[in-house]
K.L.:
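Sending over a structure as structure tokens; questions will come in a sec.
Chain A is the first sequence line, chain B the second, and so forth, proteins listed ahead of strands; every chain is numbered from 1.
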Amino acid sequence: MPSREITYREAVREAMNMAMREDERVHLLGEDVGVYGGAFGVSRGMLEEFGPQRVIDTPLSEAGFTGTAIGGALVGLRPIVEIQFSDFITHCMDQLVNQAAKIRYMFGGKASVPLVLRTPGGAGTGAAAQHSQSLEAWFIHVPGLKVLMPSTPADAKGMLLAALDDPNPVIFYEHKLLYNTKGDVPEERYTVPIGSANVSRAGRDVTFVAAGLVHNFALEAAEQLAAEGIEAEVVDLRSLSPMDTGTVRTSIEKTGRLVVVEEDVKSGGWGAELVARVCESDSFYYLDRAPARVAGLDVPIPYNKSLERFIRPSPEKVVDATHALLDRTLGRYG
Amino acid sequence: MTAAERDRELLNRMYLIRAFDEKVNELFGEGKLHGTAHFYVGQEAVAVGAIDALGERDLITSTHRGHGHAIAFGLDIDRMAAELLGRASGYCGGKGGSMHIADVDLGMLGANGIVGGSLALACGAVWGYGRLGQNDRVVISFFGDGGAQEGLFHESVNLAALWKLPVIFLCENNQYAMSLPVGNGVAGSVAGRAEGYGIPGHTVDGMDLEAVRDTVEKAREHALGGEGPVLIEALTYRYLGHSKSDAQRYRTREEVDEWRAQDAIERFAEKLRKRKAVRARDLTSLREDAYARVDEAFARAEAEPEPNPESALEDIYA
């Protein structure tokens with residue numbers, strides 16, 4: 001496949017443009033997605049190509065326009081909703097959790113809601129506690145929703161196209177600090193299957209499982225550790241729900257050690273679910289250390305740079321956690 | 001269908017709704033139904049009058065108090081009864097129960113357990129059909145005085161007005177949101193809010209089927225003419241409790257009797273009698289047939305098989 005280097009932002013836009021060109025049922029709705037081009041510039045140029053009937057500047061009504069998109073999806077449209085900051089999803093929780101996720105089930109399988117909700121999450125921009133959260137774990141707790149979190153431009157394009165092909169409501173997490181990152185992206189149309197993790201780096205000593213921006217932290221940490229002779233295998237989970245525990249288990253059965261790298265707060269995070277699934281499975285017996293989690297500390301995201309740095313995960317924290325894990329004194333079966 | 005036949009059918013629908021929800025109340029009393037249900041008894045003229053004003057391709061969204069809307073819209077009471085009894089042959093295969101009865105293909109986009117939760121779905125349905133080239137459909141968004149207290153009411157009316165969506169927002173003000181009197185929950189009036197959104201607002205006697213129908217007919221013409229939504233507040237009353245477990249400590253028997261004295265079914269029947277569209281004995285048989293039909297629906301449903309427990313794991317994802 002011929003490819004070229006483009007940004008994550010361009011990859012998301014390219015997927016939307018492709019879908020909108022090939023399928024008139026696809027529409028984009030959100031705050032400032034039209035002439036402004038989206039708060040992070042993702043939809044720049046789309047209004048000009050598709051017009052205001054398909055690239056729609058909504059009123060500031062997250063519940064209202066998300067619900068409207070759900071109603072449209074119910075009768076056959078394929079709407080993409082952009083929520084400007086993922087924190088604002090709190091406004092539309094009823095529409096997502098009680099309506100979109102459950103309509104099919106409540107109606108006995110006689111309806112579907114092919115909705116894609118895109119939203120940038122995550123910290124690191126000095127935007128403080130209401131514009132920096134990582135709340136994605138909430139949605140893996142809701143059967144009926146799918147939750148994606150691609151970390152590379154190529155996955156962003158392929159997974160967004162997969163989400164748009166999917167007949168279910170999909171929450172698609174982007175990250176403000178990924179938008180400018182670059183990577184090779186095939187020019188043609190392709191999809192990355194939902195629910196498939198990707199082994200992005202091979203290694204034998206420890207498995208890092210990460211998703212979104214902090215997957216880059218895991219890769220950086222792996223490079224630093226390689227200089228010391230510690231080879232980390234990195235699994236980019238990509239899809240939080242469904243969660244590809246099979247790929248994770250294969251990796252830890254090889255390495256015997258697991259470090260989860262996640263940006264959301266540790267308590268009740270998706271890493272907790274992953275660790276629980278591993279420990280409930282036979283892969284538990286392959287672990288020769290207790291699993292570790294490098295996550296956000298259990299605090300709101302503070303404004304000050306050094307405070308924010310202090311509470312967020314980082315490549316250094318992944319390195320430190322790995323050292324701690326490997327240095328840990330074993331118990332009486334050691 | 002002659003005008004007289006149509007009127008008899010409207011009366012029949014009202015009797016069916018009343019019979020259905022009285023039966024549901026009775027079955028709860030006998031411990032034969034589980035879960036909960038909300039009764040439409042008293043409000044029949046709103047659903048039947050409003051839906052009679054719709055065309056074949058029009059849509060509705062409903063509420064937790066949805067049996068009346070479903071029956072008025074023409075849903076099958078056998079399958080409704082089966083759903084209430086949790087049977088596999090019910091509308092939702094026993095997964096939804098009273099609050100989630102829907103027939104999306106027919107245009108009944110679902111009862112809804114969340115107060116005010118369906119208003120934006122109504123907007124989206126006509127927006128969606130409009131974008132698919134079907135601009136000939138209007139939707140009635142049924143909600144209550146409780147729903148009008150939720151934020152989504154305002155977001156939906158605002159959005160529908162901005163986008164000129166063909167939505168008839170029909171508030172059934174039945175005087176209480178569970179126990180809360182409307183005066184303690186709605187400042188001003190529901191219909192009065194239309195002015196702020198720059199759309200027509202009407203208040204109508206919800207115990208008068210023809211008044212409801214006329215108001216909705218005009219609203220439908222307005223909406224189909226590309227003029228956008230209309231907000232209608234129908235003043236009505238529920239005779240029974242909010243749901244099956246309601247001691248009704250918030251209102252008096254006298255108040256209930258006052259509303260029952262202007263009963264919508266009696267009033268419509270009296271009109272038809274005066275017009276000689278029905279005779280007294282037709283009324284009796286219409287009424288009795290409706291009650292018998294409902295008894296038959298529940299008897300049939302009872303004989304239907306329960307769903308396979310493992311079907312609980314199906315229909316989560318398409």
Side-chain angles (χ1 to χ4, degrees), chain A residues 24-27 29 53-54 56-79 81 91-95 97-115 142-146 166-170 194-195 241-242, chain B residues 59 61 83 88 90-97 99-105 107 109-114 116-134 137 139 150-160 162-163 165 307 311-318:
Chain A
E24 292 207 329
R25 298 172 302 168
V26 181
H27 290 64
L29 306 86
Q53 299 292 317
R54 292 183 71 198
I56 305 165
D57 274 331
T58 60
L60 275 68
S61 298
E62 285 84 358
F65 68 76
T66 301
T68 297
I70 294 165
L74 185 62
V75 303
L77 281 193
R78 303 195 78 101
V81 164
H91 278 310
C92 36
M93 284 304 265
D94 166 59
Q95 296 298 300
V97 174
N98 292 323
Q99 313 294 341
K102 296 182 173 64
I103 281 175
R104 179 175 183 78
Y105 192 80
M106 295 187 303
F107 294 1
K110 289 186 251 342
S112 62
V113 180
L115 172 84
V142 181
L145 298 178
K146 297 186 178 183
D166 198 280
N168 298 289
V170 178
I194 291 173
S241 178
Chain B
L59 317 159
T61 58
E83 187 57 36
Y91 267 102
C92 316
K95 290 199 180 88
M99 283 189 282
H100 304 296
I101 290 171
D103 190 335
V104 175
D105 292 337
L109 304 181
N112 205 301
I114 304 296
S118 58
L119 280 101
L121 303 180
C123 296
V126 283
W127 169 67
Y129 275 127
R131 295 301 303 148
L132 294 166
Q134 301 176 29
R137 297 175 187 261
V139 64
E150 295 283 354
L152 196 60
F153 162 77
H154 297 278
E155 295 197 20
S156 301
V157 178
N158 183 57
L159 188 143
L162 286 167
W163 295 7
L165 297 175
S311 71
L313 307 179
E314 295 163 3
D315 302 325
I316 302 162
Y317 294 98

K.L.:
Of the non-hydrogen atoms in B:Cys123 and A:Thr68, which two are nearest, and what is the gap between them?
P.N.:
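The answer is CB-OG1, 3.7 Å.
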K.L.:
Are the side chain of A:Tyr105 and the backbone of B:Ala312 linked by a donor-acceptor contact shorter than 3.5 Å?
P.N.:
yes
K.L.:
Between A:Ala73, A:Pro167, A:Pro114, A:Ser112, who has the most heavy-atom pairs with chain B when the cutoff is under 4.5 Å?
P.N.:
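Highest number of heavy-atom pairs under 4.5 Å: A:Pro167.
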K.L.:
Taking the side chain from B:Lys95 and the backbone from A:Arg104, do they hold a donor-acceptor pair closer than 3.5 Å?
P.N.:
no
K.L.:
Output all residues satisfying side chain to side chain contact (heavy atoms under 4.5 Å, CB included) with A:Asn168, sequence neighbours left out; order by chain, then residue number.
P.N.:
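Result, side chain to side chain contact (heavy atoms under 4.5 Å, CB included) vs A:Asn168: A:Lys146, A:Asp166, B:Tyr317, B:Ala318.
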K.L.:
Below 4.5 Å from any heavy atom of chain A, which atoms of B:Glu314 appear? Answer side chain, backbone, both or neither.
P.N.:
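The backbone, not the side chain.
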K.L.:
Tell me, please, which residues at least two apart from A:Phe107 pass ring pair (Phe, Tyr, Trp, His ring centres under 6.0 Å).
P.N.:
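Counting only residues at least two positions away or on another chain, A:Phe107 forms no ring pair (Phe, Tyr, Trp, His ring centres under 6.0 Å).
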K.L.:
Take A:Leu77 and B:Leu132, measure what side chain to side chain contact (heavy atoms under 4.5 Å, CB included) needs, and give me the verdict at the end.
P.N.:
CA-CA 7 Å; A:Leu77 281 193; B:Leu132 294 166; 3.8 Å; yes
K.L.:
Is A:His27 close to chain B through its backbone or its side chain, or both, or neither, when contacts mean heavy atoms under 4.5 Å?
P.N.:
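When you check distances to chain B, only side chain atoms of A:His27 fall under 4.5 Å.
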K.L.:
Do A:Gln95 side-chain atoms and B:Gly117 backbone N/O form a donor-acceptor pair below 3.5 Å?
P.N.:
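Checked: pair present.
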K.L.:
Could you tell me which portion of A:Leu60 (side chain, backbone, both or neither) has an atom closer than 4.5 angstrom to a non-hydrogen atom of chain B?
P.N.:
neither
K.L.:
How long is the straight-line distance from CG of A:Asn98 back to CD1 of B:Ile114, given to the nearest 0.5 Å?
P.N.:
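Result: 4.0 Å between the selected atoms.
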K.L.:
Could you pull out the closest heavy-atom pair between A:Pro59 and B:Asn158, with the gap in Å?
P.N.:
CB-ND2, 3.9 Å
K.L.:
Please say whether more than 12 non-hydrogen atoms of neighbouring residues, nucleotides or ligands are located less than 6.0 Å from CD in A:Glu24.
P.N.:
no
K.L.:
Let me confirm one number: the CD1-CG distance from B:Ile316 to A:Leu145, rounded to the nearest 0.5 Å.
P.N.:
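Here the rounded value is 11.5 Å.
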K.L.:
For residues A:Ala111 and B:Val104, report the shortest heavy-atom separation together with the two atoms involved.
P.N.:
CB-CG2, 4.1 Å
K.L.:
Report the C-alpha separation of B:Asn112 and A:Gln99 in whole Å, then their side-chain angles, then the decisive distance to 0.1 Å, and conclude whether the side chain to side chain contact (heavy atoms under 4.5 Å, CB included) test is met.
P.N.:
CA-CA 9 Å; B:Asn112 205 301; A:Gln99 313 294 341; 2.7 Å; yes
K.L.:
For the interface with chain A, which of B:Gly96, B:Ala125, B:Ala111 has the highest count of heavy-atom pairs at distances below 4.5 Å?
P.N.:
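Winner by heavy-atom pair count: B:Ala125.
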K.L.:
Nearest heavy-atom pair of B:Glu155 and A:Glu62: which atoms, and what distance?
P.N.:
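Result for this residue pair: OE1-N, 3.8 Å.
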K.L.:
Identify which of B:Ile101, B:Leu162, B:Asp105, B:Leu152 forms the greatest number of heavy-atom pairs closer than 4.5 Å to chain A.
P.N.:
B:Leu152
K.L.:
Looking at every heavy atom in both A:Arg54 and B:Arg131, which two are closest together, and how far apart are they?
P.N.:
CG-NH2, 3.3 Å
K.L.:
Could you tell me whether the side chain of A:Val75 reaches within less than 4.5 Å of the side chain of B:Trp127, counting heavy atoms only?
P.N.:
no
K.L.:
For chain B, which candidate among A:Gln53, A:Lys110, A:Lys102 shows the most heavy-atom pairs at distances under 4.5 Å?
P.N.:
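Looking at each option in turn, the highest pair count goes to A:Gln53.
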